[in-house]
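Let me begin by presenting the structure, written as structure tokens, before commenting on it.
None of these values were measured; they are calculated from a predicted model. What you see below is based on every heavy atom in this structure, not just the backbone, and it leaves out hydrogens, waters and symmetry mates. Position 1 is the first residue of the sequence; numbering continues from there.
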Amino acid sequence: MKTSFNDQLDITRRDLMKGGMGAASLAAVSAGAAVPAAVTAASVAVTANAAQAQQHAASATVTQPATGIVMSPDYARTVAQMAYVWGWPMVNMINRRAAITQAPEPGHLNGVLPAAPRGQIAMLNDYIEPSETFVTCPNQDVVYGLGFFALDEEPVVIQVPDFGDRFWFYALYDARTDQFGHLGKPYGSKPGFYLLAGPRWSGLKPDGTTDVLRCPTSLANAIPRVFQDDTPEDRKAIQEVINQVVAYPLKDFDGEMKTIEWAKVPDIPGPASSGEETKWVVPDKFFDQFGEVLDTVDPLPGEEALYGQFRLLLDAASKDPELKKVLVATAVETEDKVIQPFFQWKHNGRPAGNGWNRSTNNAQFGVDYFNRTGTAKSNMFDNRPNETQYFYTDHDGAGGELSGSGSYAITFPAGQEPPVNGFWSLTLYNDKHLFHANDLKRYSLGTKNKNLKRNSDGSLTLYAGAKSPGGDKENNWLPAPDGKFSLYIRAYWGKEAILDGSWQPPAIEVAQ
């Protein structure tokens, strides 16, 4: 009997609660030594050879963690907490992939979220709906797509149509949530066919493809973003171009641009929303899945020792049920005390002035575990800093907590709106970092809006609160829930003042 997508999602959720991803293999990981720089051009080859020999010697002599030891609970707890913080984004990724790739064909999960089988993407045909709970902090400036891949086993061709003057880019993420490749208007990317391949894929660039983009991990996903004005005319105009945003396995590539009419793809039934983001990391089962991360995501330079400690931890816990209980308890405690606070914007990025924080190292985190995990918890799938800068706050300029019971004004002096080559917006989120459904169906304001009212001096004041500011100010109003909310500025393809931090968001004032 064929299993429905909804049934499969339920099975996935039960698997997350019961475990079942398998334990890690316990192979030791060798440590690398730094390679000294050559002093002169003539010594380059000699130095490189000497460094290589030194590295091999170091790998052979550095002692690796001994297995079969009796690990104390306190030591296990110490290593487990770091493992949980370090691995949280990657366990998050493998569980998102497991759910989304169960789609039987490209379509819209519950009518609101792109979902597709592995090796393909799906696109929306309009802004994302407020009922979306797959990821926090979505925006209503772009039309989104989404797909997950296994690029060592199955390289993928992704099509880039001619977007003309429209802003666009495809965010391509590896298993660590770092972006790979450069594909979009900020990079001057040309229309064509781009091959996405994994680190161990050994094929040749196929004739007819424009470029090969290598992902450092086999697991990857793509989230195309295509700017759309908030007008009926642009909603109609965008359809022809987004219908050519298609991805498929390399075996299906024939050199012809494929088209899918995204407005007519099927709705795929899925679980009902709980009103908050799907819980992609289940602390009780984290360490049942953690081994898959270690086995499939290669260490970055300098991480070999971490991998050795993490594998030792899993090895010891696999032989001692009481130690395994310590790992589970540590995961639950770390989720509560370390991960949950990242949902407060004051714990994300660095201060940006006037009570706002801004994103740091977004989508190019490397070994910045603080910002990687903070972003994965609060607003996963950021773009690179040069592509987008994010500014966010839960408080007004005087430090008071934003609440729908108040009324707030955010004034950009004339000529001081976010300086961008692409677009900017101000979005309001509820306390779950999701849209607050409202009668105006309005969730963000900015470049996309053609009817914003400016002040007589050329400044622009936007309003936020549960109560309308009335009159012609209502065009500039973001409706808020009765309770807590946050505000979030996006600056796509920022100019130098965005990149160097000299531009600061305006203070949020309590409106009189």
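A donor-acceptor contact shorter than 3.5 Å is absent between the side chain of Y144 and the backbone of V226. Although no hydrogens or angles enter the test, the distance criterion places a donor-acceptor pair under 3.5 Å between the side chain of N476 and the main chain of T461. N438 contributes no side-chain N or O that, together with a main-chain N or O of A480, makes up a donor-acceptor pair within less than 3.5 Å. Between the side chain of H436 and the main chain of P479, no donor-acceptor pair closer than 3.5 Å is present. E303 places a side-chain N or O within 3.5 Å of a backbone atom of L300 that can act as its donor or acceptor partner. Side-chain N or O atoms of T373 include one that pairs as donor or acceptor with a backbone N or O of V85 at under 3.5 Å. Remark: side-chain polar atoms of N449 are paired, donor with acceptor, to backbone N or O of G446 under 3.5 angstrom. Side chain of Q239 to backbone of N125: a donor-acceptor contact under 3.5 angstrom is found. Formation of a donor-acceptor pair under 3.5 Å by the N110 side chain with backbone atoms of G270 is found in this model. Under a 3.5 Å cut-off, the side chain of N139 and the backbone N or O of V142 do form a donor-acceptor pair.
No salt bridge links K346 with E401; every basic N to acidic carboxylate O contact stays at or beyond 4.0 Å. Taking a cutoff of 4.0 Å between a charged side-chain nitrogen and a carboxylate oxygen, E277 and K432 do not qualify as a salt bridge. Taking the charged nitrogens against the carboxylate oxygens, D229 and K450 do have a contact shorter than 4.0 Å, which makes a salt bridge. Ion pairing of K441 with E129 is absent here, as no side-chain N (NZ or NE/NH1/NH2) approaches a carboxylate O to less than 4.0 Å.
Evaluation of the side chain to side chain contact (heavy atoms under 4.5 Å, CB included) rule for S459 yields T411, N455, D457 as partners, not counting sequence neighbours. Not a single side chain to side chain donor-acceptor pair (under 3.5 Å) links K185 to another residue, sequence neighbours left out. T217 meets the side chain to side chain contact (heavy atoms under 4.5 Å, CB included) test with D174, A175, C215, V297; sequence neighbours excluded. Considering only residues two or more places apart in sequence or on other chains, Y187 meets the side chain to side chain contact (heavy atoms under 4.5 Å, CB included) condition with H182, S189, R384, N386, E387. Take Q364 and apply the side chain to side chain donor-acceptor pair (under 3.5 Å) test, not counting sequence neighbours, and it matches no residue. Remark: S468 pairs with E474 by the side chain to side chain donor-acceptor pair (under 3.5 Å) rule, at least two apart or across chains. Evaluation of the side chain to side chain contact (heavy atoms under 4.5 Å, CB included) rule for A376 yields W88, P89, M380 as partners, not counting sequence neighbours. With sequence neighbours left out, Q228 forms a side chain to side chain donor-acceptor pair (under 3.5 Å) with D126.
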Practice problem: Any chance you could lay out the side chain to side chain contact (heavy atoms under 4.5 Å, CB included) test for Y492 and V420, step after step, and finish with the verdict? | Solution: CA-CA 6 Å; Y492 269 73; V420 294; 5.7 Å; no
Decide salt bridge (Lys or Arg N to Asp or Glu O under 4.0 Å) for R442 and D230; before the verdict, give the C-alpha distance in whole Å, the side-chain angles of both, and the deciding distance to 0.1 Å.
CA-CA 10 Å; R442 183 184 297 162; D230 192 19; over 6 Å; no
Might you work through the salt bridge (Lys or Arg N to Asp or Glu O under 4.0 Å) test for E292 and R97, ending with a clear yes or no? CA-CA 13 Å; E292 181 181 350; R97 174 196 60 187; 3.1 Å; yes
Item to check | Derivation of the side chain to side chain donor-acceptor pair (under 3.5 Å) call for T133 and E276 | outcome: CA-CA 6 Å; T133 57; E276 59 185 343; over 6 Å; no
Yes or no on side chain to side chain contact (heavy atoms under 4.5 Å, CB included) for L445 and L478, after CA distance, side-chain angles and deciding distance? CA-CA 8 Å; L445 295 169; L478 288 173; 3.7 Å; yes
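Side-chain polar atoms of Y84 and E335 form a donor-acceptor pair below 3.5 angstrom. Side-chain contact check for Q140 and T427: no donor-acceptor pair (N or O, by modelled atom type) lies under 3.5 Å. Side-chain polar atoms of N361 and D368 form a donor-acceptor pair below 3.5 angstrom. Checking S378 against N348 by side-chain atom types alone, a donor-acceptor pair falls below 3.5 Å.
Heavy-atom contacts from other residues, nucleotides or ligands closer than 6.0 Å to NZ of K337 number 12 or fewer.
For the residue pair A122 and P114, the shortest heavy atom distance occurs at O-CB, 3.3 Å. Between G349 and T360, the shortest heavy-atom distance links the atoms CA-OG1, 3.7 Å. Minimum heavy-atom separation, I158 to A222: CD1-CB, 4.3 Å. Residues N430 and S486 share a closest heavy-atom pair of O-OG, 4.4 Å. Heavy atoms only, all atoms of each residue included: P138 and I128 are closest at CB-CG2, 3.9 Å. Between Y408 and S403, the closest heavy-atom pair is OH-N, 3.1 Å.
With respect to W345, the ring-ring contact (aromatic ring centres under 6.0 Å, His included) criterion is satisfied by exactly one of Y392, F391, Y390, W356: Y392. Between W86 and the options F365, Y307, F370, a ring-ring contact (aromatic ring centres under 6.0 Å, His included) holds for only Y307.
Interatomic distance, OG1 of T78 versus CG of L313, reported as 10.0 Å (0.5 Å rounding). Here N362 contributes atom CG and T177 contributes atom OG1; the two are 10.5 Å apart, rounded to the nearest 0.5 Å. From Q120, atom CD reaches atom CZ of F148 across 14.5 Å, with rounding to the nearest 0.5 Å.
Sorted by first and then second residue, the ring-ring contact (aromatic ring centres under 6.0 Å, His included) pairs with a member in residues 442-482 read F435-Y443; sequence neighbours excluded. Sequence neighbours left out, not one pair with a member in residues 420-429 passes salt bridge (charged side-chain N to carboxylate O under 4.0 Å, His left out). For residues 97-138, every residue pair satisfying the ring-ring contact (aromatic ring centres under 6.0 Å, His included) rule, not counting sequence neighbours, is listed here: F134-W280.
By the 4.5 Å heavy-atom criterion applied to side chains, Y429 and L434 are not counted as neighbours. In this structure, the side chains of H433 and N379 stay at 4.5 Å or more apart for every pair of heavy atoms.
In this structure, F290 and F286 have parallel ring planes: the angle between them is below the 30° cut-off, well short of the 60° mark.
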Can you list, pair by pair, the side-chain donor-acceptor contacts under 3.5 Å of residues 163-173, counting residues two or more places apart and other chains?
from: R166; atom 1: NH1; to: F227; atom 2: O; distance (Å): 2.9
from: R166; atom 1: NH1; to: D234; atom 2: OD1; distance (Å): 3.3
from: R166; atom 1: NH1; to: D234; atom 2: OD2; distance (Å): 3.0
from: R166; atom 1: NH2; to: D234; atom 2: OD1; distance (Å): 3.0
from: Y170; atom 1: OH; to: Q159; atom 2: O; distance (Å): 2.8
from: Y173; atom 1: OH; to: R225; atom 2: NH1; distance (Å): 3.4
from: Y173; atom 1: OH; to: F381; atom 2: O; distance (Å): 3.0
from: Y173; atom 1: OH; to: D382; atom 2: O; distance (Å): 2.7
from: Y173; atom 1: OH; to: N383; atom 2: OD1; distance (Å): 3.4

